[in-house]
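Working notes for the structure below.
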2 protein chains.
Amino acid sequence: MILRYNTDEIDNTIVKKLNINARTPYTEISKQISKEIKPLSVGTVHVRVKKLEEAGIIKGSTLIIGYESLGFHLIAFVGILSDSRESQLVKEELKKIPNIVQLYITSGKYNLFCRIIARDPSDARDVISKIGEIKGVLRTESTICLEESINDENRLLSNILQQHQSNHLN
Amino acid sequence: MILRYNTDEIDNTIVKKLNINARTPYTEISKQISKEIKPLSVGTVHVRVKKLEEAGIIKGSTLIIGYESLGFHLIAFVGILSDSRESQLVKEELKKIPNIVQLYITSGKYNLFCRIIARDPSDARDVISKIGEIKGVLRTESTICLEESINDENRLLSNILQQHQSNHLN
DNA sequence: ATTGAAAGAGTCTCAGT
DNA sequence: ACTGAGACTCTTTCAAT
């Protein structure tokens, strides 16, 4: 259940700092906010983080992994056209492929659209073939990435939070 | 500088646990590995995390943000065809749009390919118009997402790490 | 590379405001 | 909603192995 919640400048600062480093100690957040905005105790930082979690704004924390360091150098986008009667089945088969890191049901040219991470062009070809061989998949169209310019899901965050309040939802 | 580094089962377990929750205490990781694999002190967990960071495998940690809770309900992929002589300029202009959370230079049908997060269809339309109005952009093609099935950059991780070693790089 | 210990730092809760 | 204090837990370093 997502609760209504209006964020203020203090929440925004907390989220921004934790977004840069999820292990930032709350004591340090408290110190910095006390200096930059207004005096704030550690206990309050703690309570605020809890509320942001309860509101569904902070869903958790995770590592930023260097896939390059692990030998994965290739990213591609794959549009999939599938038999609409088989779409549920196709989706389940796609979920079995670990290289698919994003998968969306889409409107427009394709029914499904995904982003894959692969070791190299040959590995990518294997993954794309595997997608093409799924029963119900009619056609795929791939876009190979040559260079990553932006990859940061939370890039929007500082812009949203500059508005000093979140939307009201239920 | 990325160093050569071979991960073992212990590194893999550390990465997996931190990936699920970046704030997992090292003491707890140490306890769990001691139970599941072999006795391991907290100090060693600490040293191993540091090495994984130095090797570029752990690049940092971040929050998982609930964009739905913040009023952002729409994801779209946008393929961009641009005048190749202006591509550097187009890229710089695209970087100014905060809704673009992924941006790649690509080969194939498009020169550039991006993924955007927007509040709603009308907001998405504004973002896509803004992209289309950039000098040097010839054409865009959008794919609107109806449903998110997978969105987890680190989904690959458990599969890679099951192999119990990383690739050798420099 | 790993340990165990120790000092310092951080977490988390709660009674009081 | 915030604070400050207290008990507990975690981090981080390091000499020893």
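Per chain, numbering begins at 1; letters A, B, ... match sequence-line order. As a basis for the values below, the full set of heavy atoms in this structure was taken, side chains included, without hydrogen atoms, waters or symmetry mates.
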Can you find a side chain N or O atom of A:Lys50 that sits less than 4.0 Å from OP1 or OP2 on C:dT13? yes
Is there a side-chain contact between B:Lys38 and the phosphate of C:dT3, meaning an N or O under 4.0 Å from OP1 or OP2? no
Taking only the side-chain heavy atoms of B:Thr44 (C-beta and beyond), determine which of D:dT12, C:dC12, C:dT2 contains the nearest atom. C:dT2
Rounded to whole angstrom units, what separation is found between the CD1 atom of A:Ile29 and the P atom of C:dG10? 11 Å
Of the residues in residues 20-28 of chain A, which ones touch DNA chain C at a heavy-atom distance under 4.0 Å? A:Pro25, A:Tyr26, A:Thr27
Nearest-Å distance, CD (B:Gln32) to P (D:dC10)? 12 Å
Please work out which of the three classes, parallel, tilted or perpendicular, describes the rings of B:Phe113 and A:Phe77, given edges at 30° and 60°. tilted
Donor-acceptor pair, distance only, cut-off 3.5 Å: does the side chain of B:Thr7 make one with the backbone of B:Asp11? no
In whole angstroms, how far is the C1' atom of C:dT13 from the CZ atom of A:Arg48? 18 Å
With a sphere of 6.0 Å drawn around NZ of B:Lys59, does it hold more than 12 non-hydrogen atoms of other residues, nucleotides or ligands? no
Does A:Ser34 use its side chain to pair, donor to acceptor, with the backbone of A:Pro39 at less than 3.5 Å? no
With sequence neighbours excluded, tell me which residues meet ring-ring contact (aromatic ring centres under 6.0 Å, His included) with B:Phe72. none
At less than 4.0 Å, is any side-chain N or O atom of B:His46 found next to OP1 or OP2 of D:dT12? Yes or no. yes
Roughly, in whole Å, what's the span from CD1 in A:Ile33 to C1' in D:dT3? 15 Å
In whole angstrom, what separates B:Leu18's CG from D:dT11's C1'? 14 Å
Going by heavy atoms in the side chains, are A:Ile75 and A:Glu148 under 4.5 Å from each other? yes
